[in-house]
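Just so we're on the same page: letters track the sequence lines, and every chain starts at 1.
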Amino acid sequence: MTSERYLMVFPELCTGCRECEIACSLKHDGVVGYQKSRIRIIRDVFEGMEIPVVCMQCIDAPCMNSCRVEAIYVDERGAKIIDYERCIGCRRCIVVCPLGANFLNPETGKPIKCDLCGGDPVCAEFCSTGAIRYLSPEEINSEELRLASRNYIKALIEREM
Amino acid sequence: MVLNRKLGIIDLGKNRVLVREIPVELRKKHLGGRGLNWYYLYNSIRPDVDPYSPENVLAIGAGLLTGFPALGAGRTQISTKNPMTGGVGDSNMGGAFGPQLRLAGFDHLLIVGRAEKPSYILVRDGGIEIRSAEHLWGLDTHTAQKVLREETGDDRAESMVIGRAGENLVSFANVMNGIKNAGGRSGTGAVMGSKNLKAIVASGDIDLVVHDPEKLLDYALEVDRRARNTKWAKTLGRLGTPLLYDVSYTTGFIGTLNWQYNTPGEDGKPLEAENLEKYSVKMVACIGCSVHCRHRVKIREGRYRGVVTEGPEYAAIGAFGTGVGVYDWEFVIKCNEMANKWGIDLISLGTTVAWAFELFQRGYITENDTGGLRLEWGDENAVLELAKMIVERKNVGNVLADGMLKASEKFGKDSLYYANQTKGHPNLLTDERGIPSFALGIATSTRGADHLRSRPGIDLFQLPEETLERIYGHRIVSDFTAYETKGIMVWWHELLYNVVDSLGICKFQTVFNSANSPRFEDYVPLIEFAAGIRMTKEDLMEIGERNYTIERMFNVLNGFSRKDDYPPERYFREETKRGLPFMKGRKLDREKYDMMLEEYYRQHGWDENGVPKRETLERLGISEPDYSILEVL
């Protein structure tokens, strides 16, 4: 099943404020605490780096495919959801995620990942610059995406220079 | 729980650490951050304590709302006895340290004593450890932080560190976190240096459990959007604080050639905010801030090729631009980078350097004092070299490093006339002669000349009096050149900024330069949903008053009074020479100033000598200091 809308990330617009992270852990667990966040900002001001990492809800999702107990299912929005009744905590989904966007909840020993907040992702709501957006296919502007990737890679190369 | 973060008491001399609860009653009286810091310091630093002695106490505090996703709530307060004034020393820092301190389990740290050898404090997972920092001594603030992050093995660890300036006890050394978050004013870095304390590191992730997360999220989003959507915040998010320069130099309220002028006029054009754009890589933010007011800048070619830093802010344009007669963004960026790496307050540095240049112009300082360096206006090399001399305490730099009061004793008493300071604390590079409310604010500031204690930026907008009355709850005269009612305006902002500092949110997202920004009443739901404490707007104003009066009492106990509440003498004697008609030919009127000052005292419930009255102290529940806080050690 494909999604009606996609959570898109534009790192070159990320200011590193972490409001998305904090809002995420508040929404899901009622706490401020980054190990409870389903979205993480890799931030290093000395390297000039702000990169949001979050599940892209792959269509052919490695986490779902590799789950031996079929604890990950797709909801009507295309979100890959963990069924904790079934999850045995093998953490394979964390290992196989190509984006590193499945995280470990150290309290339960089980994985956590983005569930798109049931269709209203709180991270995108709090993002003031549009670095995280929840977009319908019509709203996705391929030219903007191309420029975003270009600028981002340019910034990466420049940092090495 | 939000209210279960601890107080850590650390004696570096005895190598002893104690962890204590913070009673909810104290929260209700002082909130956190700046307010609680000063409750603790008022009750622990005796008046005869020298700022550099082991008995001086350094307080670190996270605000009650630090770490939440709204209103730039990433702030940390650093407070101590000020080595430049001998009174309140206090600075508020953005960045990421405060939120990380809370996740490490603590809201406040009190540090006393002097370590035998260079040390750092590691706050991790609810515990505190004192460690050797011998390998870090001498490192610039950036390198030290990188080493510390590696050492803790936690890429989320945040440090506040001192650089060379703090190690050398330069009285206006600061504390740094990240590239440019500075606990800038008041010489807090020098006090750290005097304790042989190179750094404080916070690491850990203990959940902050919130009273009503659902309501908090809804309300935080609403109030955050309100703050970020003001015209002020939108422009700030694009241009940063340099946007203020364009107004101040075109009209005429930026200190120029050490306040001999109030604007460089056309010469200053190259420093306009838009000209910084070409160096800007992107805008970055402190934790919990959606305004993102700082540039990450890079110089790609020329003599400063490869310089990467954050900022510069409005104050840096004054410090390394108009103050010394250099009008070149690349030079400002370079100096900004150096000051951050040295760990020195660039406002105080700039004002001190500008003062030295004028003293050279007038013959108080000669080439004999500078090792042959000629302090000529507009000479970039002379500015940087003198700055280095101060940081390394070489030649005349060794004198200037002790602050304006002590230095003026060496240069001759009347040299102090040319120093833009109050209480011995250098002002930032604005010229307040044409704006009485601003002048009163820098003069009454508890930490000495400074704009962030009370500056009513919206005074300049000359808003309709109905609007002003709605904000201030009092009739306020619209004309910014007036003296009448401005004492009340300054009083209101002192309370507001105290509450903001005690909550850990950012002044740029309150009524500072935008009348539409959130204020007291808008914090009430945040406090309730986050911490479960119900308060009213009036409660918050009273807390601001209590906290501010405690700081005032600390100064009174250290010998301050009305005589210390005046702006620089120059503002009364010399007229501004340049600018638009409403800024040109302006100076302060002493008689009117005195009336404004007395109105301000009355509003505070202080006597005509500026001492809080007994009934005021009783009403606010402020008792004599009992110096009991550290007795547990």
Given B:V210, B:V284, B:L103, B:L217, the one with more heavy-atom pairs under 4.5 angstrom with chain A than any other is B:L217
What part of A:T129 lies closer than 4.5 angstrom to a heavy atom of chain B: side chain, backbone, both or neither? side chain
Pick whichever of B:E310, B:Q145, B:R102 has the most heavy-atom pairs under 4.5 Å with chain A. B:Q145
For A:C93 and A:N102, which heavy atoms make the closest approach, and how far apart are they? O-ND2, 3.4 Å
Within 45 degrees of the ring normal and closer than 6.0 Å to the centroid, is that where the cationic atom of A:R133 sits relative to A:F10? yes
Residue B:L221 versus chain A: region with a heavy atom under 4.5 Å: both
Best-contacting candidate, A:G30, A:C127, A:G33, against chain B by heavy atom pairs under 4.5 angstrom: A:G30
Taking the six-membered ring of A:F103, is the NZ or CZ of A:R38 close enough (under 6.0 Å from the centre) and on axis enough (within 45°)? no
Under 4.5 Å from a heavy atom of chain A, the part of B:D207 involved: both
Shorter than 4.5 Å, heavy atoms on both sides: which option in B:H211, B:R156, B:H142, B:M283 has the most such pairs with chain A? B:R156
Between B:A73 and chain A, which part of the residue has a heavy atom less than 4.5 Å away: side chain, backbone, both or neither? neither
I need the minimum non-hydrogen distance between A:C87 and A:K110, along with the two atoms involved. O-NZ, 2.9 Å
Please classify the contact of A:E21 with chain B as side chain, backbone, both or neither, using a heavy-atom distance under 4.5 Å. side chain
What part of B:Q100 gets within 4.5 angstrom of chain A, counting heavy atoms only: side chain, backbone, both, or neither? side chain
If you compare all heavy atoms of B:Y523 against all heavy atoms of B:P518, which two are closest, and at what distance to 0.1 Å? OH-O, 3.4 Å
Segment of A:I41 engaging chain B (4.5 angstrom heavy-atom cut-off): backbone
Between B:C289 and A:C17, which heavy-atom pair has the shortest distance, and what is it? O-CB, 3.1 Å
Are B:Y279 and B:H295 close enough that their ring centers fall under 6.0 Å? no
Looking at B:S290, is its backbone amide N or carbonyl O close enough to the side chain of A:S128 to form a donor-acceptor pair, meaning the two atoms are under 3.5 Å apart? yes
